[in-house]
Structure formats: structure tokens, C-alpha cells
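Contents: one structure, followed by commentary.
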There are 2 protein chains.
Amino acid sequence: MENELIMISKKVTKKIFMPVDVIYQGESEKILTNMYLFPDNSVDFIITSPPYADKRKKFYNSIHPDDYVDWFLPISKELLRILKPNGSFVLNIKEHPRNGQRETYVLKLILALKDQGWCWIEEYVWYKKNSFPGKWPNRFRDAWERCFHLTKNEKFKMYQDSVKVPIGDWAEKRFKSMSDNDFKRHLSQTNSSLGRNVSNWLNRKKVYPHNVIVFEEEHYVSNVLEFATECSNRNHSAAFPLELPTWFIKLFTRKGDIVLDPFLGSGTTAYAALALNRHYVGVEKDQEYIELINKQIDKLNKTEN
Amino acid sequence: MENELIMISKKVTKKIFMPVDVIYQGESEKILTNMYLFPDNSVDFIITSPPYADKRKKFYNSIHPDDYVDWFLPISKELLRILKPNGSFVLNIKEHPRNGQRETYVLKLILALKDQGWCWIEEYVWYKKNSFPGKWPNRFRDAWERCFHLTKNEKFKMYQDSVKVPIGDWAEKRFKSMSDNDFKRHLSQTNSSLGRNVSNWLNRKKVYPHNVIVFEEEHYVSNVLEFATECSNRNHSAAFPLELPTWFIKLFTRKGDIVLDPFLGSGTTAYAALALNRHYVGVEKDQEYIELINKQIDKLNKTEN
DNA sequence: GTTCCGCATGAATCGATAG
DNA sequence: ACTATCGATTCATGCGGAA
């Protein structure tokens, strides 16, 4: 597939173009500094699941927990430069235990990112019901990961309507079981302006989600699902399932926007962007992965035509 | 109800007694320093939901986010002294947004607690499915809170069997169709050293939970909810449901153990401990709360006899 | 078409043992 | 003491072929 050049800004005198729908081979810390490939304020959305810190050697090339922040900051500095002022960055990560305790590098990273200029808007929880099994004397199995929502500014674009979910059974039960007084009291305590809209809310079929993300069968969107099945990437127990970038891309971009993943891995972000008619840009150091992804994408484009 | 004195250690020459089943009126930062009321290494479990940081003045007495860590550390220092070497401390907390961004004091607090000598074992997510609706342009409604599991040592007591949950629906089908392979030890084809012997699970009814805690229905102690609503202006953490301390008390203590809540609020921890035949000790600065809790507990004890 | 059944597997973690 | 390797333990769900 040819790279496609699209104009990223109509306002500047000098028109700047950025190559999209392309995957670069190499280290993010180097490639992202290229101002021709990654101009300032050019990307609408960044989502990635960077390599986790691990002191074990069998994962060669892994970053030691103690070095993680120093390793990540130069990369996030470029991301901050590349991201559009109203864009968003979603960072999926979870610290492992070491010697029975959780590592602290993720906490330190968020503090450091704020120092670097990022706004920390929110931490979403990705709740993985079917997490890896195991039993240990000091902990249960880890069934959730962090998805940090970071931005360049306090104002940013967010298309909440595009990720509405069907109202759950709980709502009906909840309201039935509450007396009128309980209900009024709770509303006035929570948010006084809410009372007026409650009747609307009860009759609505779809509601806004919250900040705990759970993927259930119903949440699949038709054409993304088909697409996903074709690239055999619809795997619930995957490290980074298609649903995760799909959900955030819908939430933070519109058709034609540019999505960047600086650690593309097996290409999940690219598939999700493609299926949603967004442009993708990826960086991945493993040439094998890249060839596989490109082959896959070619196939998908052919079947579509 | 009379205070009950129980011996906390049979090994020491001088027998030390600690008053239990009592609520002290006052500020935790002062009362906890009393070595007669709170001897070293005397409490089996601590769980609390401290007042949230809030810079708004309408919540008088609230702690400013920027001062939160400095305010909390002297208290946690006493907790570290009071807790038994094999005990646990569960801290339920969630940072609010300020100016559109999440506050950072919780992240800083965990780092500071580690410096103070605490072991950070785990962060449990309390997933509040039925959190009330609300809509903002930059975030969805907050449906989860952090429950940090902190200890004095890497080894501690944990009674995992007491919080087992029913196995999922999948199991029934699965058990009906056991193949030969299921009865052998079967090694995964990938490099992961995960082997499994499904026959071990045959007819298993209960499994261990994971680190995302979900309560299907909230059972508030009836008039605790009412009272908490009335007093909501005092910036007490919104009463957590009885299930939360109940779950953790079962997990980390046995009958007769001592449970401490340094910010007792509307008394949920005390009710939970009492119902599970554990001893409670609470600190609360609001005399009104204390009188209500004691009255309530008296009533409960009478109905029991 | 729809349901059922067999089987594969996923960013796991701890403790013991060996070098 | 410190690091590397290996064995033991554990759920939930997707997928493909069969009934």
C-alpha cells in the first residue's frame, strides 16, 4: 500500500504534509524525532501499550523498572510535540510485582509526565474478567490494567456519544428498590442539576459509559467486528485486544483523523484505526511484525474493494 | 456497652492489654499516639476511608490537596506502630479532579508511605457498577475507587478461602465434557511454563476472586445511609457500603481479631467487624456520629440476646 | 442455522533449587 | 547475598468442527 499524504493544517501559510497509513521500522526514541515524518501538532490521537518494565533477561531488550521513567520521558516529549493541541494520548500500562510488592515506576511516570507538561485528565480501568489464572499466598490474580488519559491542554476533543452503551439491568432494579425520598435525597446530594433530567435519563435506551471499561459480547460494533474476525485478531485474552484501541479511537477521533501508536506490536491499533476509517501511523522495531501487519492490511483492503 | 479488655500477647512477660469495642472521640493524629490505648503491634487489621482532600471552603475542616501527604504521614506512622507485624492496612481513597485534571496527592502518598516503611502489596479496584449518572465534557462518571493493600512486612496473614466466589457458568459445561487430555498434565504448546490439569477443578464450586471487587447490590445498614446523607456536608468520605470492610475483614482477619478504623465516620467498619465477631476500635471526631453508632450497636446487641 | 463439545491459551507469580 | 531457572498453581473465553 502506498503512503498517503494528507494536509494537516489549512491555517498555516506553509502547508505541512504528514505521511500516514505507514509503519516505520525502528526505535521510537529515534524515529519520533524526525520532524518531516512527525511534524509538530500533527496527530489527533496517540494510543499505545509500551513494553512493560521487567528485570528478567529472558525478555531481552526489556527496560529495568528503575530506568523506566528515564527511558520513557524522551519519547513522551516527542509525543507531546507531535500531538495536536486538542488531541489525546492514552497510555495502557500496569506495573508488575517485584519481591512481593507492586513496582512504583508507573506512579513516578505519571508525576514526571505532568512535570513534562502533560495534563493528566483521567485514569480508566480496563477490567479483564478473564485474566490469567494463578494462586499465590499474598495476592489474587491481576484482573485490571491502567489506561491513563493524558492531553496537551485542559480543553480537548471528546466524542462521548460514539461510545454510548445500552442501559444495564441494574438501573431498573436500582430505581425500583429506592423510595421516592431516597431518590430525591441522593440526587440532591450528588448533583442538584441532575434531578430535572432524570425522567429523560430513565427512558433513554443508551447511556454514557463510565471509567471502568469492560468488554462484553454486546459491545462489538458490527463492521469493526467483521473486520476484526477477518484479521483473526478478535481474541479476548490478547494482551491488547482490538476492542481497547477501538473504544478509545471512537471516543477521541473522527473519520479521517490520524492515530499514532509508537509501539505498534502486532498492529492492533492500526487495524482498529483502519476499520474505523481513521489514518494510522505506527512505529515498531521488529521487522517481522511489520511485514505481517502490512500483508494483513493489504489483504483487508483487497477484500473490501 | 462496656469496653472489653483483651490480652493481645501471651508471649511478652508484661501482659499488655488494649481496650477494644470502643470508639474514641477526637482527632486521629492525636489519639493514635496514646500508647496505652494503642500499644505497639496490637491491631490485626486497619481499614479506613479517610476524608478526601478538597480545597473548597464549604467543606470546613477539609485538607487541601497540596497538604494532604503531610497531614496523613504522622497518622500512618502511628498506624505502622500499632499494626501487628503480620497485619494489613487497607486504604480506600480516590483523588478528585481539580481544574479538569486528577489530583496527584494519592500517587505521592503511596510513594511517601513506602518511604515511611510500608510495603505496598497491591491496589484493589472497587468497581461501583451503579454509581450515579452525571455528564461532563471531559470525563465520564467515576465508577471506581482505589483500595491500597499495605503491610508492615512482605509476609502477612491472608485467609483467601474465606472470600471465594462461585465458579462461572462455563464450568458446568466444561465438566460435562472431560477429555483424556484433561486428566493428564498437559503442557502448553508455547513456551509458557503453564501446565494444567483440568481434572483438578472437576466439580469445583468456588474459585478465588481477583483484584477487582464488585458488589452486585449494595446493602447499606438502613439508617446509616440516612444519617450519612444528612451529615454529608462534613466531608466525611461517603459511607462505604458494608460489603467493602466486610470483604477485607474476612480476607485479613479471623474471629476475635482486632480491627481499627481511624476515621470511623458513620461506623460501617464497626458494624462489619461486629457482625463477623471481630473486635472493633474506632476514632471519630464528630460526637454526633459516635452517639448514633453506639446507640445502634446497643440495639444490635439487644436484638441478638 | 443453531447448539454443543473439544481444546487451546493468555504481558502471571511465587517458592525452591541451583549456580 | 544475588541472580537465573523451573515447577506448581489457577480461570474464563474464543474458535472450529461435529451433531
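Naming: A, B, ... by sequence-line order, numbering from 1 per chain.
- Legend: residues meeting ring pair (Phe, Tyr, Trp, His ring centres under 6.0 Å) with Y289(A), ordered by chain and number and at least two apart, are absent.
- For D66(A), the salt bridge (Lys or Arg N to Asp or Glu O under 4.0 Å) partners at least two apart in sequence or on another chain are R98(A).
- Closest approach to the F132(A) side chain among dT13(C), dA12(C), dT13(D) is made by dA12(C) (side chain taken as heavy atoms from C-beta onward).
- In this structure, CZ of R98(A) is placed 12 Å from P of dA4(D), rounded to the nearest angstrom.
- Counting to the nearest Å, the C1' atom of dT13(C) and the CD atom of E154(B) are 14 Å from each other.
- Out of dT10(D), dT13(C), dA12(C), the shortest distance to the side chain of K135(A) is found at dT10(D).
- Atoms NE2 (H149(B)) and P (dT13(C)) sit 16 Å apart, rounded to a whole Å.
- If you take atom P in dC7(C) and the same atom in dT10(D), they sit 22 Å apart, rounded to whole Å.
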* To do: Just do the ring pair (Phe, Tyr, Trp, His ring centres under 6.0 Å) check on F148(B) and F89(B) with the steps written out, would you?
  => CA-CA 8 Å; F148(B) 292 102; F89(B) 171 30; 9.8 Å; no

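- Heavy atoms of G168(B) sit under 4.0 angstrom from primed sugar atoms or phosphate atoms, though from no base atom.
- For dT13(C), the OP1/OP2 oxygens have no side-chain nitrogen or oxygen of R139(A) closer than 4.0 Å.
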Writing each nucleotide of DNA chain C 5' to 3' as (, ), [, ], | or . by Watson-Crick or G-U pairing under 3.5 Å yields .|||||||||.||||||||

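- In terms of the side-chain contact (heavy atoms from CB on, under 4.5 Å) criterion, residue partners of S162(A) (sequence neighbours excluded) are, by chain and number, Y159(A), K250(A).
- Comparing dC14(C), dA12(D), dG10(C) by their closest approach to the side chain of W136(A) singles out dC14(C).
- Remark: P of dG10(C) and CG of N130(A) are 12 Å apart, rounded to the nearest angstrom.
- If you take CD of Q160(B) and C1' of dC14(C), they are 12 Å apart, rounded to a whole angstrom.
- The side chain of R102(A) lies closest to dT13(C) when the candidates are dG10(C), dA12(D), dT13(C).
- Note: CE (M158(B)) to C1' (dC14(C)) measures 13 Å, nearest angstrom.
- At the heavy-atom level, K155(B) lies under 4.0 Å from the strands shown only through sugar-phosphate atoms.
- One finds a side-chain N or O of N138(A) lying less than 4.0 angstrom from the OP1 or OP2 phosphate oxygen of dC14(C).
- Nucleic acid contact for P209(B): none, since no nucleic acid atom lies under 4.0 Å from a heavy atom of the residue.
- Ion pairing of D257(B) with R278(B) is absent here, as no side-chain N (NZ or NE/NH1/NH2) approaches a carboxylate O to less than 4.0 Å.
- Residue D161(B) contributes atom CG, which lies 14 Å from atom C1' of dT10(D) at whole-angstrom precision.
- The ring pair (Phe, Tyr, Trp, His ring centres under 6.0 Å) test applied to F156(A) returns H149(A), not counting sequence neighbours.
- Residues satisfying the salt bridge (Lys or Arg N to Asp or Glu O under 4.0 Å) test with E122(B), not counting sequence neighbours, are R102(A), R139(A).
- Geometric assessment of K152(B) against the ring of W118(B) yields a negative cation-pi assignment under the 6.0 Å and 45° thresholds.
- dT13(C) atom P lies 9 Å from atom CD of E122(B), rounded to whole Å.
- The residue among G100(A) and N92(A) whose nearest nucleotide of DNA chain C is located toward the 5' end is N92(A).
- Neither OP1 nor OP2 of dT10(D) sits under 4.0 Å from any side-chain N or O of K164(B).
- Phosphate contact (OP1/OP2 of dT13(C), side-chain N/O of H96(A), threshold under 4.0 Å): present.
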